[in-house]
*Asks:* 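Shown below is the structure under consideration.
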Amino acid sequence: MSKATGQTKNNALWFLDTLSARFPEAKIELNYHKKDPWQLLVAVVLSAQATDKKVNEVTPALFKAFKNVQAFAQATPQAVEPYVHSLGFFRNKSKSIVGAARMIVEQFGGRLPRERALLEQIPGVGAKSAAVIIANAFGEPAIAVDTHVGRVARRLGLTKEKDPSKVEAELTALWPRDRLIEAHHVLIWHGRRICFARKPACSTCPVNGRCPRVGVTTFS
Ligand code: SF4
């Protein structure tokens with residue numbers, strides 16, 4: 001059950017409305033074929049410790065070489081590595097992607113499961129990645145808590161938690177279910193464009209009037 005006060009919920013709605021007005025185009029910044037959730041899973045696995053921009057640079061050639069989940073399942077990790085070697089942890093990521101493809105083909109008939117718990121069993125897919133996938137590929141309400149979402153939510157006074165699953169539980173209780181995906185995107189966009197980890201641009205921030213941490217200069 002949410003521990004949020006009415007004031008926190010009021011603020012949360014105002015923050016969401018204001019940030020959505022500032023970033024009406026906020027959406028996932030990883031490129032993938034919108035009708036192919038498998039491509040989203042690959043991009044999400046590749047995005048660990050890498051920028052979306054870097055991932056978007058490698059995925060076109062990767063998806064040209066391996067056209068679908070079956071092609072990845074039949075590949076070896078070593079065959080995938082040359083396409084992703086510019087990203088960190090490319091050996092582990094290649095192994096995860098091929099392992100994920102094999103599991104999806106062998107256990108799920110070649111289709112990504114829509115259930116979050118099943119997604120989390122797939123190699124390379126943790127809680128955050130599963131939330132990103134169900135929200136973006138299947139439209140299921142979920143707030144994936146990455147470094148930006150956690151930092152911005154704490155600065156805005158929406159949570160004091162640091163553990164991503166606890167942050168997610170608290171944020172999920174603050175907004176209507178049909179606005180959770182929107183909240184996820186605008187918090188990330190805000191964290192990437194204004195509320196930077198170091199030296200956030202508080203003077204031009206659209207929510208500085210109610211932000212309890214306005215003027216913060218450190219990572220916290
Ligand atoms: S006022 Fe500063 S700390 Fe608060 S949300 Fe805006 S940029 Fe972030």
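For ligands, and for the atoms within them, numbers begin at 1 and follow the listed sequence.
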*Asks:* Run the numbers for me: atoms of ligand 1, each under 4.0 Å from some heavy atom of Leu156, listed by number.
*Replies:* 5 (S)

*Asks:* Are Arg193 and Glu29 close enough for a salt bridge, meaning some N to O gap below 4.0 Å?
*Replies:* yes

*Asks:* Side-chain donor-acceptor pair under 3.5 Å between His185 and Asn136, yes or no?
*Replies:* yes

*Asks:* Taking all non-hydrogen atoms of both residues into account, name the closest pair between Ser94 and Val84 and its distance.
*Replies:*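 Shortest heavy-atom separation between Ser94 and Val84 comes out as OG-CG2, 3.3 Å.
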
*Asks:* Ile181 and Trp175: same hydrophobic cluster, using ILVMFWY side-chain contacts below 4.5 Å?
*Replies:*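 Result: no, two separate clusters.
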
*Asks:* Short check: any N/O/S atom of Cys205 below 2.8 Å from atom 6 (Fe) of ligand 1?
*Replies:* yes

*Asks:* Nearest protein heavy atom to atom 5 (S) of ligand 1, by residue and atom, and its distance?
*Replies:* His190 NE2, 3.4 Å

*Asks:* Any N/O/S atom, side chain or main chain, of Cys202 closer to atom 2 (Fe) of ligand 1 than 2.8 Å?
*Replies:*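 A backbone or side-chain N, O or S atom of Cys202 is under 2.8 Å from atom 2 (Fe) of ligand 1.
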
*Asks:* Please work out, at 4.0 Å between heavy atoms, whether the side chain, the backbone, both, or neither of Val152 comes within that distance of ligand 1.
*Replies:*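 The answer is neither; Val152 stays 4.0 Å or more away.
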
*Asks:* So if I count the atoms of ligand 1 from 1 in the order they appear, which ones are less than 4.0 Å from some heavy atom of Pro200?
*Replies:* 7 (S)

*Asks:* Of the non-hydrogen atoms in Met103 and Pro123, which two are nearest, and what is the gap between them?
*Replies:*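 The answer is SD-CD, 3.6 Å.
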
*Asks:* One residue to check: Val216. Relative to ligand 1, which of side chain, backbone, both or neither has a non-hydrogen atom less than 4.0 Å away?
*Replies:*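 The part of Val216 near ligand 1 is the side chain, not the backbone.
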
*Asks:* Could you check atom 4 (Fe) of ligand 1 against the protein and tell me its nearest heavy-atom contact, residue, atom and distance included?
*Replies:*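 Answer for atom 4 (Fe) of ligand 1: Cys211 SG, 2.3 Å.
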
*Asks:* Provide the number and element of each atom of ligand 1 under 4.0 Å from a heavy atom of Arg213.
*Replies:*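 Atoms satisfying the 4.0 Å criterion: 3 (S).
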
*Asks:* What is the closest protein heavy atom to atom 8 (Fe) of ligand 1, and at what distance does it sit?
*Replies:* Cys195 SG, 2.4 Å

*Asks:* Please evaluate residues Trp14 and Val207 with respect to the criterion side chain to side chain contact (heavy atoms under 4.5 Å, CB included), reporting the C-alpha separation (whole Å), side-chain torsions for both, the decisive distance (0.1 Å), and the verdict.
*Replies:* CA-CA 9 Å; Trp14 183 81; Val207 294; 3.8 Å; yes

*Asks:* In plain terms, say whether Arg22 and Asp17 are close enough for a salt bridge, that is, a side-chain N and a carboxylate O under 4.0 Å apart.
*Replies:* no

*Asks:* Please state whether the rings of Phe23 and His190 are parallel, tilted or perpendicular, taking 30° and 60° as the class boundaries.
*Replies:* tilted

*Asks:* Enumerate the atoms of ligand 1 whose separation from the nearest heavy atom of Asn208 is less than 4.0 angstrom.
*Replies:* 1 (S)

